[in-house]
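Worth knowing before you read on, the calculation uses all heavy atoms, side chains too, and leaves out hydrogens, waters and symmetry mates.
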Amino acid sequence: MEDPSADLYRRLRRECRRRADELWAVSSALHTHPELAYEEHHAASLLTAELRRAGFTVERGAAGLDTAFLARAARSRGRCVALLLEYDALPGLGHACGHNLIAAAGLGAALALRAVQVEEGFEGTVFAVGTPAEERGGGKVVLAEAGVFDGVDAALMFHPGVHDWSWAPLTAQTQVRVGFHGRAAHPTGDPTGGIDALAALVQLFNTAAVVSRRLPPGSHVQGIVTDGGVATNMVPAYAEGLFGLRAATSTALDALVADVGRWAEGVAAATGTGVEVTRLGRGYAHFRNNDVLSDRFGRHIAGSGIRLTEPVPGVFPGSSDIGDVSSRVPAIHPFVAILGDEASDHTPAFARAAASDRGREVMLAAAEALACTAADVLTDSGLADRAWARQREKAAAGL
């Protein structure tokens, strides 16, 4: 006897495919009109117009972000599933991270799910969340802190990439500013009177380079000099560096921030300088994969001929503000390849792939899998309960 869910999946896939040209038009419009973080007015208007046309109630400017939006379609009570739409581009590279495909796939899933929900009559809320500035500033962090994901039972998105991975090992990240205070002097007229703040900063870079060899997998320190003095014939009285820190978990990141502070204090003690170490915001949390849901997404996208695997151990592709959502609610962030693994995102080749035939195939396959996974959350209380149980288990373990 056929699983009653099978017919639901067929109808969701049919709804996505019926909209394939429409979704690709949206993706192409975003691709040909790339907008930087917090400037995505065209993208937000385009996406919200499609959602309004389908009967969603749309709120623009969520959490004080002009280019964020919240779109809801509810039937009675029940669970709530959020589909996350990203749409910012990269400076000088356009959609070299494929956010046009993320937005179109999330839109397609939301439209298909709502259409089938109206026909089938199952309960729950379809929640499309427009999340700006993933590449700079983290719109999802702002939305999460504003309570946008309170009451959400699952947050779903996919990301185009160069791997077919069931989940993304995305690290926690933050930035630290380190400023050394020395004493200015003329290096020849007063050769012993100066205390070189820049030399102290250079020593911190050297310390970081040596100690970084012993950092655990996923941990990383990379810095730049933001202030190195004003003249070559003057010992710098002040020097400043900006350091980007990453770690496999948010707890490990906090420990790394403390380590950098101790390195800086040690350098200051050795060089006779003063030092100020300032963490610039909380940054991004690490991504907490909900394997109950990501496994279900993997099964659904396999129906389109795409087989997802576990990530390659020890490979950490970066950080994302999806981490802050995943620390609050069950979430997925699978990678689906639009280029081979010899390539990379954030390149002109990836931007071209985001507008290619392969990009279209992946967008549609992801939309179908997202819609089916979202329907599972709304219609299968056992799945939702298992996802929440897994969420609590990983949180307790710090994973």
Inset, instruction - I would like to know whether R296 and D376 meet salt bridge (Lys or Arg N to Asp or Glu O under 4.0 Å); could you show each step before the answer? - result: CA-CA 9 Å; R296 188 63 63 99; D376 287 336; 3.2 Å; yes

Inset, instruction - Measure the spacing between CD of Q173 and OG of S319 and express it to the nearest 0.5 Å. - result: 5.0 Å

Legend entry - F335 ring center within less than 6.0 Å of H333 ring center: yes

Legend entry - Common cluster, V225/L204, ILVMFWY with side-chain heavy-atom separation under 4.5 Å: yes

Inset, instruction - Applying side chain to side chain contact (heavy atoms under 4.5 Å, CB included) between R17 and each of R13, R14, E15, report the one that passes. - result: R13

Legend entry - Connected via hydrophobic side-chain network under 4.5 Å: L242 and Y284: no

Inset, instruction - Could you give me the CA-CA distance, side-chain angles and deciding distance for E86 and T131, then say whether side chain to side chain donor-acceptor pair (under 3.5 Å) is met? - result: CA-CA 5 Å; E86 294 179 2; T131 64; 4.8 Å; no

Legend entry - Any residue meeting side chain to side chain contact (heavy atoms under 4.5 Å, CB included) with A237, in chain and number order, not counting sequence neighbours: A184

Legend entry - Check: V129 and L143 side chains under 4.5 Å, non-hydrogen atoms: yes

Legend entry - R177 side chain to T278 backbone, donor-acceptor under 3.5 Å: no

Inset, instruction - Any chance you could measure T273, atom OG1, to D196, atom CG, to the nearest 0.5 Å? - result: 9.5 Å

Inset, instruction - In sequence, state the C-alpha distance, the side-chain angles, and the governing distance for Y238 and E240, and then conclude on side chain to side chain donor-acceptor pair (under 3.5 Å). - result: CA-CA 7 Å; Y238 180 74; E240 182 182 284; 2.6 Å; yes

Inset, instruction - Flag the pair H99 / Y87 as yes when their ring centroid distance falls below 6.0 Å, and as no otherwise. - result: no

Inset, instruction - Determine the minimum heavy-atom distance between L198 and G228, stating which atoms define it. - result: CD2-O, 3.4 Å

Inset, instruction - Examine distances only and state if a side-chain atom of D164 and a backbone atom of A337 form a donor-acceptor pair shorter than 3.5 Å. - result: yes

Legend entry - Heavy-atom closest pair, residues G98 and P160: O-CG, 3.4 Å

Legend entry - CG-CD distance between L93 and E135, expressed to the nearest 0.5 angstrom: 10.0 Å

Legend entry - Pair R360-S27, side chain to side chain donor-acceptor pair (under 3.5 Å): steps then yes or no: CA-CA 9 Å; R360 176 179 171 133; S27 176; over 6 Å; no

Legend entry - I224 vs F243, side chain to side chain contact (heavy atoms under 4.5 Å, CB included): CA-CA, chis, key distance, verdict: CA-CA 6 Å; I224 59 172; F243 294 84; over 6 Å; no

Legend entry - Closest contact, heavy atoms only, F122 versus L8: CE2-CD1, 4.0 Å

Inset, instruction - Carefully, step by step, assess R60 and T48 under the rule side chain to side chain contact (heavy atoms under 4.5 Å, CB included). - result: CA-CA 8 Å; R60 291 285 299 268; T48 54; 3.7 Å; yes

Inset, instruction - Report yes if the side chains of R114 and F56 come closer than 4.5 Å at any heavy-atom pair, otherwise no. - result: yes

Inset, instruction - Look only at the side chain of D380 and the backbone of L383, and say whether a donor-acceptor pair between them is shorter than 3.5 Å. - result: yes

Inset, instruction - Decide salt bridge (Lys or Arg N to Asp or Glu O under 4.0 Å) for R279 and D254; before the verdict, give the C-alpha distance in whole Å, the side-chain angles of both, and the deciding distance to 0.1 Å. - result: CA-CA 10 Å; R279 184 172 182 170; D254 291 340; 2.9 Å; yes

Inset, instruction - State, with a plain yes or no, whether a side-chain heavy atom of L51 is found less than 4.5 Å away from one of F69. - result: yes

Legend entry - Cluster check L201, V235: I/L/V/M/F/W/Y, side chain < 4.5 angstrom: no

Legend entry - Check: A25 main-chain N/O paired with S28 side-chain donor or acceptor under 3.5 Å: no

Legend entry - Any donor-acceptor pair under 3.5 Å from N290 side chain to A387 backbone: yes

Legend entry - Spacing of R19 atom CZ and E50 atom CD [to the nearest 0.5 Å]: 9.5 Å

Legend entry - Lys/Arg cation over aromatic F127: R72, 6.0 Å, 45° cone: yes

Inset, instruction - Check whether any side-chain heavy atom of V275 sits under 4.5 Å from a side-chain heavy atom of H181, and report yes or no. - result: no

Inset, instruction - Using atom types as modelled and distance alone, determine if a side-chain donor or acceptor of D7 lies under 3.5 Å from a backbone N or O of Y9. - result: no

Inset, instruction - Mind checking the CD-CG spacing from E368 to L364? Nearest 0.5 Å is all I need. - result: 4.5 Å

Inset, instruction - Locate the shortest heavy-atom distance separating R386 from V292; write the atom from each residue and the value. - result: O-CG2, 3.7 Å

Legend entry - Check: S344 main-chain N/O paired with T347 side-chain donor or acceptor under 3.5 Å: yes

Legend entry - Heavy-atom donor-acceptor pair, T174 side chain to G281 backbone, under 3.5 Å: yes

Legend entry - Distance-minimising heavy-atom pair for S320 and L170: CB-CD1, 3.8 Å

Inset, instruction - Please lay out, stage by stage, how K140 and D321 fare under the test salt bridge (Lys or Arg N to Asp or Glu O under 4.0 Å). - result: CA-CA 6 Å; K140 295 186 197 66; D321 56 1; 2.9 Å; yes

Legend entry - Side chain proximity check, R246 to F316, heavy atoms < 4.5 angstrom: no

Legend entry - CA sep, side-chain torsions, deciding dist, call: S250, H286, side chain to side chain donor-acceptor pair (under 3.5 Å): CA-CA 6 Å; S250 300; H286 73 279; 3.2 Å; yes

Inset, instruction - May I ask you to test the D88-Y38 pair for a side-chain heavy-atom distance under 4.5 Å? - result: no

Inset, instruction - Following the transitive rule for hydrophobic clusters with a side-chain heavy-atom cut-off under 4.5 Å over Ile, Leu, Val, Met, Phe, Trp and Tyr, establish whether V336 and L101 coincide in one cluster. - result: yes

Inset, instruction - Flag the pair F158 / P334 as yes when at least one side-chain heavy-atom distance between them is below 4.5 Å, and no otherwise. - result: yes

Inset, instruction - Examine distances only and state if a side-chain atom of H186 and a backbone atom of T188 form a donor-acceptor pair shorter than 3.5 Å. - result: yes

Inset, instruction - For A200 and T271, work out which heavy atoms get closest and say how close. - result: CB-OG1, 3.6 Å

Inset, instruction - Check whether L253 and W263 end up in the same hydrophobic cluster, where Ile, Leu, Val, Met, Phe, Trp and Tyr are linked by side-chain heavy atoms less than 4.5 Å apart. - result: yes

Inset, instruction - Please tell me if the side chains of L23 and L107 come closer than 4.5 Å, counting only heavy atoms from C-beta onward. - result: yes

Legend entry - Trace of the side chain to side chain contact (heavy atoms under 4.5 Å, CB included) decision for V152 with V81: CA-CA 6 Å; V152 169; V81 61; over 6 Å; no

Inset, instruction - Could you grab the distance from atom CG of L245 to atom OG1 of T171, nearest 0.5 Å is fine? - result: 10.5 Å

Inset, instruction - Check whether any side-chain N or O of H95 sits under 3.5 Å from a backbone N or O of A89 as a donor-acceptor pair, and report yes or no. - result: no

Inset, instruction - Might you confirm whether atom CG of N233 has over 12 heavy atoms from other residues, nucleotides or ligands at distances under 6.0 Å? - result: yes

Legend entry - Which residues share a side-chain hydrogen bond (donor to acceptor under 3.5 Å, both in side chains) with H159, sequence neighbours left out: none

Inset, instruction - State which residue, out of S294, S166, S326, fulfils the side-chain hydrogen bond (donor to acceptor under 3.5 Å, both in side chains) condition with N289. - result: S294

